[in-house]
Number of protein chains: 2
Amino acid sequence: MNAGKQKIDLRDVARLAGVSLGSASRAMNGAGASAATQEKVNQAAAALGYRPNHAARVLRSRLSRTVGCLLPDISNPLYAQVFRALEDEFLRHDYLLLLANGANDVDRETKALGTFTQRGMDGVILAPGNERNAALVEALRVLPMPAVVFDREVSGAHDAVLIDHAGGVRRVVEHLLGLGHRDIALVLWQGDTRPVRRRVQGFRTAFQAAGLPVPDLLVQARSVTASVKAEVTELLARPDRPTALIVQGTHMLNSALRAIAARRLQVPRDISVVAIGDTPFAAEHDPAVSVLDIDQAETARCLVDLLLTRIADNGLPQRRARVGLRYVERDSVAAPPRYS
Amino acid sequence: MNAGKQKIDLRDVARLAGVSLGSASRAMNGAGASAATQEKVNQAAAALGYRPNHAARVLRSRLSRTVGCLLPDISNPLYAQVFRALEDEFLRHDYLLLLANGANDVDRETKALGTFTQRGMDGVILAPGNERNAALVEALRVLPMPAVVFDREVSGAHDAVLIDHAGGVRRVVEHLLGLGHRDIALVLWQGDTRPVRRRVQGFRTAFQAAGLPVPDLLVQARSVTASVKAEVTELLARPDRPTALIVQGTHMLNSALRAIAARRLQVPRDISVVAIGDTPFAAEHDPAVSVLDIDQAETARCLVDLLLTRIADNGLPQRRARVGLRYVERDSVAAPPRYS
DNA sequence: ATGAAAGCGCTAACAG
DNA sequence: CTGTTAGCGCTTTCAT
């Protein structure tokens, strides 16, 4: 066996480079060393295959170059995509990203925050399942490192990146109104979270701004993963059945489409459909479903920028970034059928 | 502001407990301290809200209680589920799990392993995208910590957890053969990875064991996320069209079902369908699709057990655990239509 | 079983 | 800009 696998420390590098330990450290950190020293140290490090000991670095500098990320559920493709985008973005900045699944469980979330603290994360990005929970708010208040809240309204002076759900839904409704639709249904889940609240609000605003009555066509499933087939079926059986559906994408689109198919309605001839959140399923469906899409990359950039600038300077005022939604028109939207 | 947020160190705890620093340390680690000392230290720690400094602990003990996990793509729900199960399992053992997306990109994978090394992971769990890539194999060879390979055949003396794809597919084929099906198609992607190879093998074995010719009905999509609508449509147009389809679940099931619907065939009356990998989509489809399902929890337990026992004792011989697949029968399988 | 003391590998503070 | 020195918070000897 090779005698020393990871035994090369900075002292060895310094010795080979013919400089002091301190200079070697400065050279490695790219600050306060002459070009000549830089060069010598870099070469020595490369020659020895030196890898800095992260724990020592963290212990001494009190900076871990690691951030924690607490998301409700990584098996939801939308969050998985955000995580991937975040990972890329942090990697670019030489930061490591830690993931924890909150699973809409305050206990789990609080525990994850505790782990983040203990492991000395430099910062945290989080989207709690229940944003109004007192225990969560308290855990967040005592958090010793900066936090950026993702698309939630959590009380406290945290930075936040907020998705413009209201604006997005409003735009879709206006588009549908323009095509002649009046009976537009909104299918969501009933959770008390910002995205849901704002979508409903955008829905209402669009009708009000157009001087139209807000239709009583709001369907709210019990859970974010529930099927809405029964509810949508019931909706479609009404005499004043909707001519357009705006449906939460990940889990509900499928059951909504099946309810439509079961009643032998055709998309978009008999009914138009827009999904909230883009997925392969929506894109590959026949007809391809128009969607309201989040720009994951831009969202990630915002989150990372907010967190990194705050880690660099905690004196900054509280900031809130807003990210718009993109309406991707595909083949599931048309003018409503003529009324008989 | 509160003067000290995280300034309570073990020295403070020891002082309050009236014992030495060393005893406090031993008490915290639950080894080599008297019950009385244990108690005093625990109380003092609780009273002060002491949280051990992880970096210091790692630096001194050379154990990070952290493992890295390198998966091809977390936005694939199947991997997302495995990750969640792993997270739970490691949390139970007081380990932290780090996730990196390999994205079927050897560069990215190698880099991730480098990060894992530098950050002092105690071990690694990985499912490389390309298991035969030389650079990857080399990166794995020089890895200074134990690795457990998940469902891949990577050369090297690593422990591995292997899913019994061959057995699973064979069982499904045998079930279909028993119902009278002969023209059974297998729809996968064409990647050169163990799961794909073993599924094909199980498919062949089933026919051979039954003394039947292996049908020439293998469809292989270019990528794991590609649509197979065109291919399946072509398949269904043949005079000897298959009466049963076994389809990779996550991305291909949807397009396969659409191809079936487009030809106005009904499941299961005209054609039976079995998906590989369970998803909400399969379960909620109408008719609900029978699937070959991985037991995520058991898989996670195996992986964690293998890794943790090896971390504890690196002298162990190489081990390979096998995990079976569960056939979940739903409504998409029936006897084949009568031949005209 | 306990206390005292010695570092783990690194960065930061201090002189020069 | 550089070398020297101290010490981050903890675990782990080594004596007792």
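A note on names: the letters A, B, ... follow the listed sequences, proteins ahead of strands, and every chain is numbered from 1. Being a predicted model, the structure only gives us computed values, none of them experimental.
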(request) To the nearest 0.5 angstrom, please state how far the CG atom of B:Leu86 sits from the SG atom of B:Cys69. (result) 5.5 Å
(message) Tell me whether the side-chain N/O atoms of B:Thr37 come closer than 4.0 Å to OP1 or OP2 in C:dA1.
(response) no
(request) Using a 4.0 Å heavy-atom cut-off across all strands, classify B:Ala55 as base, sugar-phosphate, or nothing. (result) nothing
(request) Starting from C1' on C:dC10, measure out to CG on B:Asn53 and report it in whole angstrom. (result) 14 Å
(request) Specify the residue among A:Gly32 and A:Arg11 whose closest nucleotide of DNA chain D lies further upstream toward the 5′ end. (result) A:Gly32
(request) Tell me which nucleotide among C:dG9, D:dG9, D:dG3 gets nearest to the side chain of A:Asp9. (result) C:dG9
(request) Determine yes or no for a side-chain-to-main-chain donor-acceptor pair under 3.5 angstrom, with A:Arg310 supplying the side chain and A:Pro317 the backbone. (result) yes
(request) Specify the separation, in whole Å, of atom NE2 of A:His54 and atom C1' of D:dC8. (result) 15 Å
(message) Taking 4.0 Å as the cut-off, does a side-chain nitrogen or oxygen of A:Arg62 come that near to OP1 or OP2 on C:dT11?
(response) no
(message) Once you apply a heavy-atom cut-off of 4.0 Å, does B:Val19 come out as touching a base, just sugar-phosphate, or nothing?
(response) sugar-phosphate
(request) Can you check each nucleotide of nucleotides 11-16 of chain D against protein heavy atoms at under 4.0 Å and return B for base, S for sugar-phosphate only, - for none, in 5' to 3' order? (result) BBB---
(message) We want to know whether A:Thr66 and B:Arg119 form a side-chain donor-acceptor pair, criterion being a heavy-atom distance below 3.5 angstrom.
(response) yes
(request) In whole angstrom, give the distance that lies between atom CD1 of A:Ile8 and atom P of C:dC10. (result) 10 Å
(message) Without decimals, in angstroms, what is the distance between B:Leu48 CG and D:dG9 C1'?
(response) 15 Å
(message) Under a 4.0 Å threshold between the charged nitrogen and the carboxylate oxygen, would A:Arg108 count as salt-bridged to B:Asp88?
(response) yes
(message) Does this structure show an ion pair linking B:Glu87 with B:Arg84, if we count only N-O contacts that are shorter than 4.0 Å?
(response) no
(request) Could you state the atom-to-atom distance from CG of B:Leu59 to P of C:dT11 in whole Å? (result) 12 Å
(message) Nearest to the side chain of B:Ser34, heavy atoms from C-beta on, is which of C:dC8, C:dT2, D:dT4?
(response) C:dT2
(message) Angle between ring planes, B:Phe90 versus B:Tyr95, binned at 30° and 60°: parallel, tilted or perpendicular?
(response) tilted
(message) Does this structure show an ion pair linking B:Arg301 with B:Glu298, if we count only N-O contacts that are shorter than 4.0 Å?
(response) no
(request) Please report the closest heavy-atom contact between A:Arg194 and A:Ile163, naming both atoms and the distance. (result) NH1-O, 2.9 Å
(message) I need the single residue from A:Arg319, A:Arg152, A:Arg320 that forms a salt bridge (Lys or Arg N to Asp or Glu O under 4.0 Å) with A:Asp159. Which is it?
(response) A:Arg319
(message) When the axes are fitted on five pairs at both termini, how much does the helix from C:dA1-D:dT16 to C:dG16-D:dC1 curve, in 10° steps?
(response) 30°
